[in-house]
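Per chain, numbering begins at 1; letters A, B, ... match sequence-line order. Side chains included, hydrogens not; waters and symmetry mates left out as well; all remaining heavy atoms used.
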Protein chains: 2
Amino acid sequence: MSATVHDTPRDRLLVAAEARFRRFGYKRTTIEDVATEAATGKGSVYLHFESKQEVYMAVVEQSLDRFIESAEHVLAQPGTAPDRLRAVVELTAEHYGHDELLHSSLFGETDLVEGDVARMAAERQRQRIRNLLEELLSTGQAEGTVRASIDPPSVAAVLFEIGWAIVRSGLENPDPDQLESSLDILNDLVGLGLLPRPGNS
Amino acid sequence: MSATVHDTPRDRLLVAAEARFRRFGYKRTTIEDVATEAATGKGSVYLHFESKQEVYMAVVEQSLDRFIESAEHVLAQPGTAPDRLRAVVELTAEHYGHDELLHSSLFGETDLVEGDVARMAAERQRQRIRNLLEELLSTGQAEGTVRASIDPPSVAAVLFEIGWAIVRSGLENPDPDQLESSLDILNDLVGLGLLPRPGNS
DNA sequence: CGACTGACCAGAATAGTAGTCTGGTCAGTC
DNA sequence: GACTGACCAGACTACTATTCTGGTCAGTCG
């Protein structure tokens, strides 16, 4: 809870909602609980959000903001695009290994959230992460560490799928060294595939 | 149904079980149904299999045998290992797009099977497909179209995850061109990553 | 008068219970 | 000795009563 959050009813609701959703999941969190924790009336929730779903999506968006902010820092580091890709995938694994709210809505393997709202949240996450990867590729092309022959949006979509598969597999495995090893291999294969190649730029 | 299947009770049971599992799924297929369709008594099922699960796993194993046989033909074709990898991934997508029994137990997105038996079936499939990929890589190294610096078992595990992610994503998308496009990109990235590189063998 | 509240309620969700189903077993039969 | 289908414990399903909750809005208050 940052000291820079303004004490508006909407902010208080978001803070309360996040705490509730993280602890009890979507289904077991009631609008009344959230309102009470935000020291407001139940009907007031609907002054700021159209539905319980919208409250949840706003919480997911905030959580994503934090993740994307960290990732943008990684993107700003010196090095080649394949290096940065590796770092972003690592950060993703680390972040999603800790953030149960994001993890749950994207993987659907806990009971924190399910159904339509989980799908909406998952799609939003995929969208934003793909955008991040696209940015990484475009920047890499601009600076000459990614082949000019690739199309950033479509390659970003594929990178998302394969990076995600490795992250997911790694988070499912109790042995932390396995994810490290898989990332090494992925970086080796894909990193090489991204680099400019003599006669191929 | 091949004409070479012998008319033993076990074979009849397997044929009946496969037909039932494919049509009704695991849960809604009863041992009695299978026995009746195989023109035998219900208790006779247990002369050949220990449990309903074992019947199911035997059916999965047979279905996998067919798939692996097709894939082995692809592996026997001339060309480089990356070419063959591409062909195997395509065959996998095509096969799993049609085989509801295998698809269901691996993806868990239909109601044909779920729970422990689905997990067992999925793990068996992953295992066999990883073995296939390992074979592809080892053969590629032996003939010089795959870098000697990679470790086939661990790279096969990563290739399985990323190939699977692309296949899954492609099968979920109504547009068949999307899978083709993703496979092109994957082949481009990973294929290049697999090839021997000057000074890197 | 506009912001806020909590009682209201339709429909969703849950809990409880009776009835049905089925995987596995084995005594009886051939 | 191989095979069978009746048996049965436990799983599953269907039904029904009860409870819960998202969204609404008339009433209240500043």
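Atom CD of B:Glu54 is separated from atom P of C:dG23 by 15 Å (rounded to the nearest Å). Atom CZ in A:Arg28 sits about 14 Å away from atom C1' in C:dT14, given to the nearest Å. Put simply, CD on A:Glu32 is 13 Å from P on C:dC8, counting in whole angstrom units. In this structure, OH of B:Tyr26 is placed 14 Å from P of D:dA11, rounded to the nearest angstrom. Distance NZ (A:Lys27) to P (D:dG22): 12 Å, rounded to an integer number of Å. In this structure, A:Asp116 places its CG atom 13 Å from P of C:dA12, rounding to the nearest Å.
In the model, A:Ser182 has no side-chain atom that pairs as donor or acceptor with a side-chain atom of B:Glu161 under 3.5 Å.
Between A:Tyr96 and A:Trp164, the ring planes are perpendicular. Angles over 60° get that label, and only those under 30° would be called parallel.
A salt bridge between A:Glu123 and A:Arg126 is present, with a side-chain N of the basic residue lying under 4.0 Å from a carboxylate O of the acidic one. Classification of A:Arg128 and A:Asp65 as a salt-bridged pair holds, one side-chain N sitting under 4.0 Å from a carboxylate O.
If you check C:dT5 for Watson-Crick or wobble pairing at under 3.5 angstrom, you find it paired to D:dA26. Nucleotide D:dT18 forms a Watson-Crick or G-U wobble pair with C:dA13, both donor-acceptor distances falling under 3.5 Å. Pairing partner, D:dA9: C:dT22, with both Watson-Crick or wobble hydrogen-bond distances short of 3.5 Å.
The CG atom of A:Leu183 sits 7.0 Å away from the CD1 atom of A:Ile166 when rounded to the nearest 0.5 Å.
No donor-acceptor distance shorter than 3.5 angstrom exists from the side chain of A:Thr145 to the backbone of A:Gln141, with no hydrogens or angles considered. For A:Lys42 (side chain) and A:Thr36 (main-chain N/O), no donor-acceptor pair under 3.5 Å exists by modelled atom type.
Residue contacts shown for B:Thr36 are absent, as no nucleic acid heavy atom lies under 4.0 Å away.
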Nucleotide N/O to protein N/O under 3.5 Å, stretch nucleotides 24-28 of chain C:
residue	atom	partner	partner atom	Å
C:dG24	OP2	B:Tyr46	OH	3.0
C:dG24	OP2	B:Lys52	N	2.8
C:dG24	O6	B:Lys42	NZ	2.4

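Side chain of A:Leu47, nearest nucleotide from D:dT13, D:dC3, C:dC4: C:dC4.
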